[in-house]
Every structure is written in structure tokens, then in C-alpha cells.
There are 2 protein chains.
Amino acid sequence: MFAVDNLFLQINSTTMKQKATLKNLSKTLNISISTVSRALKNHPDISDETKKKVKELAALMDYEPNTYAINLRTNKSNILGVIVPEISNFFYHSFIAAIEEEARRLNYMLLILQSANNAETELENLKLCRMNRVAGVFVALTSHTKEIKPFLQLEETGTPIIFCDKVPDFEACNKICSADAEATIISANAILKSNKRKVLAVLGNIDLSITKKREQVFKETLENSNEQINLEITHANSSEEATHKTLQYLSNNMQRPEVIFCMSDEILTGVMKAIYQTELKVPKDISVIAISNGFLPTLFSPEITHVVTSGIDLGKLAFKRMMDYQSGKTFAQELTIRARFVEGGSL
Amino acid sequence: MFAVDNLFLQINSTTMKQKATLKNLSKTLNISISTVSRALKNHPDISDETKKKVKELAALMDYEPNTYAINLRTNKSNILGVIVPEISNFFYHSFIAAIEEEARRLNYMLLILQSANNAETELENLKLCRMNRVAGVFVALTSHTKEIKPFLQLEETGTPIIFCDKVPDFEACNKICSADAEATIISANAILKSNKRKVLAVLGNIDLSITKKREQVFKETLENSNEQINLEITHANSSEEATHKTLQYLSNNMQRPEVIFCMSDEILTGVMKAIYQTELKVPKDISVIAISNGFLPTLFSPEITHVVTSGIDLGKLAFKRMMDYQSGKTFAQELTIRARFVEGGSL
DNA sequence: GTGAAAGCGCTAACAG
DNA sequence: CTGTTAGCGCTTTCAC
């Protein structure tokens with residue numbers, strides 16, 4: 001204690017204002033920088049006495065290692081890149097939140113980047129990841145991404161890339177996907193079981209592969225059922241457009257669908273607004289089923305029957321894959337999050 | 001061109017695999033590192049010829065500056081810290097999205113950290129900011145934060161701290177707030193104007209200063225109106241609790257409120273669920289008004305009349321303040337985002 | 001057990 | 001106009 005008090009005085013008068021660095025610590029203690037460095041990391045070579053001395057002073061001076069120096073020296077970082085088309089989206093939002101939680105637990109930091117659903121911005125984001133020597137990157141591709149070479153190139157230099165949700169076709173890479181087909185099949189089967197025969201499917205941007213996939217599977221499932229289904233399909237690029245399109249179908253009393261399938265949360269909000277604008281009651285006059293991230297359908301009354309593909313689950317699994325990669329399992333692997341049916345009162 | 005081709009061959013055979021650094025560039029070009037560095041930054045001293053040569057090679061070798069080296073050398077970074085109690089919250093989410101957008105525009109990167117509404121985690125987050133030599137930090141305090149000294153200390157070392165939304169009482173610091181009182185007054189006045197006299201106010205966690213403030217202002221505004229108002233107040237710590245509490249009031253037919261005031265989006269979702277569980281119709285049987293971030297009220301039908309305090313506006317203003325700070329305006333300043341009344345059909 | 005020394009990639013005085 | 005030099009703070013080999 002006495003020694004420390006002594007030091008304190010000394011520091012107060014001369015070095016207090018100095019930034020605590022290994023060099024400064026070593027100077028005040030009159031030992032070498034390397035010894036200080038080792039002591040702080042509990043290197044076995046260093047005597048307990050020295051360790052104690054060093055650590056006490058370090059605490060006193062609020063020593064904090066300079067991450068830039070460390071990263072420069074070791075040529076790596078504990079930063080993980082996360083590149084998503086957009087943050088303001090239920091799915092990606094919970095995806096990021098899940099990764100954030102895991103990252104914090106395991107002492108990683110996150111560089112969160114959104115591509116504004118723009119392939120060029122995405123490339124820039126990748127560059128930012130490179131420049132920051134990230135330890136790995138999670139990426140959900142934009143719908144316009146044609147070229148994944150830059151990603152694979154980065155991976156070749158030893159930086160793990162985990163493609164999430166929106167993944168490329170190319171096989172030899174790590175992918176974490178939602179069970180899109182499964183979710184769609186579950187939805188279609190629920191509709192079949194409900195015995196409604198006039199079906200309206202409101203889908204997203206027609207250019208997105210996820211839209212194409214869901215459309216195809218949805219159609220097939222209904223067709224293969226041997227039931228006489230009257231299926232209408234429409235596409236909307238936004239919640240507003242979904243409202244608009246849906247209203248057209250609802251206003252035509254002859255053709256009015258008995259059940260509406262919404263392929264996403266965004267579509268669902270649009271569709272529900274359309275329904276509210278009519279006098280139709282759910283589920284008496286019209287039924288609704290959606291594929292969703294899980295939160296939104298519970299806001300309505302009755303709650304909307306939906307199939308969950310969870311961004312949280314996806315984020316957690318992606319993170320786990322990243323950690324496995326970091327510990328050597330670098331082979332390509334495709335993992336899938338299962339879909340889950342959630343009974344609401346809307347079907 | 002010939003020269004470049006030549007270089008290419010040379011690179012291909014010997015240096016291609018090397019990481020592009022100033023050193024490597026300088027070696028291949030037989031000029032000094034500093035000249036390369038200057039050429040790349042368009043330093044006026046350097047001849048156009050040299051600049052051209054250097055830039056061509058840099059492009060060819062995919063040169064990317066090492067941010068760690070730069071930050072170490074210059075002892076600063078283009079990273080801004082963002083510390084919020086939680087991301088999964090309409091308000092903070094849009095707050096972050098707004099900052100993200102501005103940051104991207106001005107070439108800053110974001111270190112997004114959530115404190116899980118825990119003062120200790122918040123302190124750790126601050127430490128992460130320090131360790132990363134962030135150029136500034138935006139912070140929305142947790143409701144448990146008692147001690148803001150660590151923040152002020154960081155500011156003393158030259159790192160701007162902008163307190164946002166949940167700000168400390170201490171005056172001598174930069175704050176960006178929503179006009180809480182104003183939003184509450186607008187809500188209360190809307191209720192007074194509606195001539196409903198049985199009012200239920202559903203508020204958030206009673207320990208939060210924002211709750212106290214809104215409660216106090218709400219009460220005062222109603223009291224000062226000289227109208228005979230029958231006001232009930234209840235508190236809920238979660239959406240679920242809000243549902244539960246609201247149901248108790250709704251089930252009692254004698255006492256049933258005519259209008260419900262929801263102090264936040266979270267509360268609003270809970271209250272609406274409760275209403276849905278009864279046979280009551282909005283606004284015929286019961287009216288609703290909320291203070292909100294703007295998105296959620298539009299999901300219901302009729303849309304909920306609300307007062308917007310926008311996370312986006314707050315984020316944008318906070319970012320602007322940060323930039324002003326960076327360019328020298330370091331004096332303490334308190335800025336306020338005005339509230340905006342949005343007519344829905346629920347009152 | 002401890003220290004000396006080299007170097008990660010870059011910037012910025014200073015010197016020509 | 002270009003080069004030399006001295007670090008930023010840290011890790012790590014090698015030597016004692």
C-alpha cells in the first residue's frame with residue numbers, strides 16, 4: 001500500500017495527465033515495456049510480484065490498451081462486419097439484434113453497414129470491412145447483387161464470409177438460409193386445410209429471387225393438391241402498393257378472395273390497411289395468412305395466423321457458424337432455419 | 001501504358017501476392033514511401049507525372065490504406081460511438097437509422113452499442129468507445145444511470161459527447177431532447193378539445209424520469225383546464241402489462257374510460273390488444289391517443305391519433321450537432337425536437 | 001525472469 | 001519536388 005501511495009504522489013505531480021501506455025507504465029516502474037506487456041497478460045514468465053506491481057499501477061492510471069496498435073501489430077481485429085440491404089426492416093433488425101447479443105457475449109464488436117439495397121453501396125461496405133481488417137463478415141446480399149467475386153476474394157485472404165438470408169447460388173460458400181420453401185408450403189397447406197378456394201397471393205418485388213421462389217412453391221403446392229383452387233397473384237414493391245393492389249381485389253365483390261396470403265411483414269401491413277378500409281371482417285369475411293418475422297401479426301386482432309421465419313434464429317445460427325469457422329471449420333456449409341406455424345385467429 | 005504493362009509483369013511474377021502497402025508501392029516504383037503517400041493524397045508538392053504513376057500502380061495492386069496504422073499514427077478515427085439502452089425499440093431504432101444515414105454520407109463509421117438498459121454495460125460500452133478512440137459519441141442514457149462523470153471525463157480529453165433523448169440533468173453538456181412536455185401538452189389538449197371527460201393514462205415504468213415528467217405535465221394540463229376531468233393513471237413496465245392493466249379498467253363498465261392516453265408505442269400496442277379483446281370499437285366506444293415514433297399508429301384502423309416525437313429527427317439533429325462540435329463549436333448546448341400532432345381517426 | 005530491438009503501415013516535420 | 005527520419009503503441013523473437 002505504501003508503495004502505491006508513493007507512486008500516486010509521483011504520478012500526481014508529473015505523469016498524471018499523461019495517457020497511460022505501456023511505455024509510460026514501464027517508465028514509472030523502471031522496468032521494460034515488454035515486461036509490462038507480459039505482466040498485464042499474465043504471462044507465466046513474469047513473477048507474481050512484478051505482475052502485482054504492474055497491474056496496480058495500470059489500474060491507477062486507467063490504462064487501456066490501444067486497439068489500433070494491437071490490430072496493426074497483429075494484423076487482425078475483433079470486429080465483425082455485418083452488411084445488410086437495410087436495417088429498417090423487421091427481419092434484418094432482429095437479425096442484427098441477435099448477432100449483436102452474441103457478439104457482446106464473446107467480446108466482438110460489430111461494424112453494421114447497410115447497402116440501401118444497392119449493389120454499389122454493398123461493394124463499398126465490403127471495402128470498409130476490408131479496410132478495417134474485420135475478423136469476418138455476415139452479409140445479406142441486395143437483390144441487385146450479380147457479382148459475388150469480391151466476397152469470395154476476401155474469403156480467400158482468410159476472412160470468413162457467412163452469407164445470410166439472401167445468399168448466392170454459388171455452392172462453395174457458407175450460407176445460412178431460412179426455410180423459404182418450407183414456410184411457403186406450410187402456408188399453402190394451411191389454406192388448403194381451411195377449405196377456402198378463392199386465394200389471393202400478395203407477393204413482393206417480382207425481381208427478387210425470394211419472391212420468385214415463394215411464388216413458384218406456393219403455386220405448385222396448391223396445384224398439386226388436386227383441389228379446385230382459384231388463385232390470383234399480385235406483386236407490390238411497397239406496403240403502400242400492397243394496400244392499393246389489395247383494395248382492387250377487395251372492391252370487386254364478384255371476384256373477392258376468401259383468403260389472402262402475404263409473403264412478408266411489409267406486405268401484411270399493406271394488406272391489413274386495405275382490409276381496414278373496407279367493411280370486411282377478419283376472419284368472417286376474409287381470411288389472412290402471412291409469412292412473418294413474428295412480431296407484427298400479433299399486433300392485429302384477431303392475431304394473424306402466420307409462419308415464422310425468425311431473424312433472431314438466423315442471426316444466432318450465423319454467429320455460431322462464424323465462431324466455428326474461426327476455430328478452423330472453414331469448409332463450405334449450408335444451414336437452414338426451420339419455419340414454424342403460429343396459429344392466430346385470422347384463417 | 002507500356003510502363004504499366006511492364007510493371008504488371010513484374011508484379012505478377014514477384015509481388016502480386018504481396019499486400020499492397022505504401023512500402024511495397026514505393027519499392028516497385030523506386031521512390032520513397034512519403035512520396036507515394038503524398039501522391040495518393042494529391043499533395044500539391046508532387047508532380048503530376050509521379051501522381052499518375054503512383055495511382056495507376058495503387059489501383060493495379062488494389063491498394064487500400066490500413067486504417068489501423070492511420071488511426072494509430074493520427075491518434076483519432078472516423079468512428080462514432082452510439083450507445084443506446086436497446087436497439088429493439090421503435091424510437092432508438094429510427095434514431096440509429098438516421099445517424100447511420102448521415103454517417104455514411106459524411107464517411108463516418110458507427111460503433112453501435114446497446115446497454116441492455118444496464119448502467120454497468122453502459123460503462124463498458126463507453127470503455128469500448130474510449131478504446132476505439134472514437135471521434136465522438138452519441139449516448140442515450142439508461143434509466144439506471146446515476147453517474148455521468150465517466151462521460152464528462154471522456155469529453156474533457158477532447159471527445160465530443162452528445163447526450164440524446166435520455167439526457168442528464170447536469171447543464172454543462174450537449175443535449176438533444178424531444179419536446180416531451182410539449183408532446184404531452186398537445187395530447188392533453190386534444191383530449192380536452194374532444195370533450196371526453198373520463199380519461200385513463202397508461203404510462204411506462206414509474207421510475208423513469210420520462211414517465212414522471214409526462215405524468216406530471218399531463219396531470220397539470222388537465223387540471224389547469226378548469227374542466228371536470230376524471231383522470232385515472234396506471235403504469236406498465238411492458239406491453240403485456242399494459243394490456244393487463246388496461247383490461248382491468250375496460251372490464252369495469254361503470255368506470256370505463258372514454259379515452260386512453262398512451263405515453264409510448266410500447267404502451268400503445270399493449271392497450272390496443274386490450275381493446276381488441278373487448279367488444280369495444282375505436283372511436284365509437286373508446287378513444288385512443290398516443291405519443292409515438294410515428295409508425296405504429298398507422299397500422300391500426302382507424303389510424304391512431306398521435307403526437308410524433310421522431311427518432312429520425314432526433315438522430316439527424318444530433319448528428320448535425322456532432323459535426324458542428326467537430327468543427328469547433330464545443331460549447332454546451334441543449335437542442336429540442338418539436339412534437340407534431342397527427343390526426344388519426346381514434347379520438 | 002527480464003530486457004533490447006525490430007517492425008506492423010502510416011504521417012509529418014525537416015532537410016535538401 | 002522528393003527523401004530521410006522519427007515515431008504512434010503494441011507484440012514478439014531472441015538474447016541474457
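Just so it is clear: chains get the letters A, B, ... in the order the sequence lines come, proteins before strands, and each one is counted from 1.
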Could you walk me through whether A/L152 and A/C173 pass the side chain to side chain contact (heavy atoms under 4.5 Å, CB included) check? CA-CA 8 Å; A/L152 301 178; A/C173 56; 4.2 Å; yes
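A cation-pi arrangement, defined by a distance under 6.0 Å to the six-membered ring centre and an angle within 45 degrees of its axis, is present between B/R321 and B/F331.
Atom-to-atom, NE2 of A/H43 to P of D/dC14 comes out at 14 Å; the value is rounded to the nearest Å. Rounding to whole angstrom units, CG of residue A/N75 and P of D/dC10 are separated by 18 Å. In this structure, NZ of A/K76 is placed 18 Å from C1' of C/dG9, rounded to the nearest angstrom. The interatomic distance linking B/N71 (CG) with C/dC10 (C1') rounds to 10 Å, in whole Å. Rounded to an integer number of Å, the gap from B/Y68 OH to C/dG9 C1' is 13 Å. Computed from coordinates, the B/I33 CD1 to C/dC14 P distance equals 20 Å when rounded to whole Å. One atom, CD1 of A/I70, and another, C1' of D/dC8, lie 14 Å apart when rounded to the nearest Å. The distance between atom CG of A/L29 and atom P of C/dT2, rounded to the nearest whole Å, is 12 Å.
Using a 4.0 Å heavy-atom criterion, one finds that B/L72 contacts the bases of the nucleic acid, with or without backbone contacts as well.
When each of D/dC1, D/dG9, D/dG3 is scored by its nearest atom to the side-chain atoms of B/D45, the top-ranked nucleotide is D/dC1. The side chain of B/S47 approaches D/dT2 more closely than any other nucleotide in the set D/dT2, C/dC10, D/dC10. Nearest nucleotide to the A/I31 side chain, out of C/dG9, C/dG3, D/dC10: C/dG3. The side chain of B/T35 approaches D/dG3 more closely than any other nucleotide in the set C/dA5, D/dC1, D/dG3.
Between B/K23 and C/dC8 there is a side-chain polar atom (N or O) within less than 4.0 angstrom of OP1 or OP2. Look at A/S37 and you won't find any side-chain N or O under 4.0 angstrom from OP1 or OP2 of D/dT12. Dashed line: the shortest gap from a side-chain N or O of A/K19 to OP1 or OP2 of D/dG9 is under 4.0 Å.
Other residues, nucleotides and ligands contribute more than 12 heavy atoms inside 6.0 Å of the CD atom of B/Q333.
Place B/T50 and A/K41 on DNA chain D by their nearest nucleotides, and B/T50 ends up nearer the 5' end. Comparing B/I46 and A/T21 against DNA chain D, the residue whose closest nucleotide sits nearer the 5' end is B/I46. Both A/K51 and B/T67 lie close to DNA chain C; mapped to their nearest nucleotides by heavy-atom distance, the more 5′-ward contact belongs to A/K51.
Between A/F163 and A/F151, the gap from one ring centroid to the other is short of 6.0 Å.
The aromatic rings of B/F319 and B/Y108 sit perpendicular, their planes meeting at an angle over 60°, well past the 30° parallel limit.
One can find a donor-acceptor pair under 3.5 Å joining the base of C/dG3 and the side-chain atoms of A/R38. Judged by atom type and distance alone, A/S34 reaches the base of C/dA4 through a side-chain donor-acceptor pair under 3.5 Å.
With 3.5 Å as the limit, one finds no donor-acceptor pair spanning the side chains of B/N125 and B/R130.
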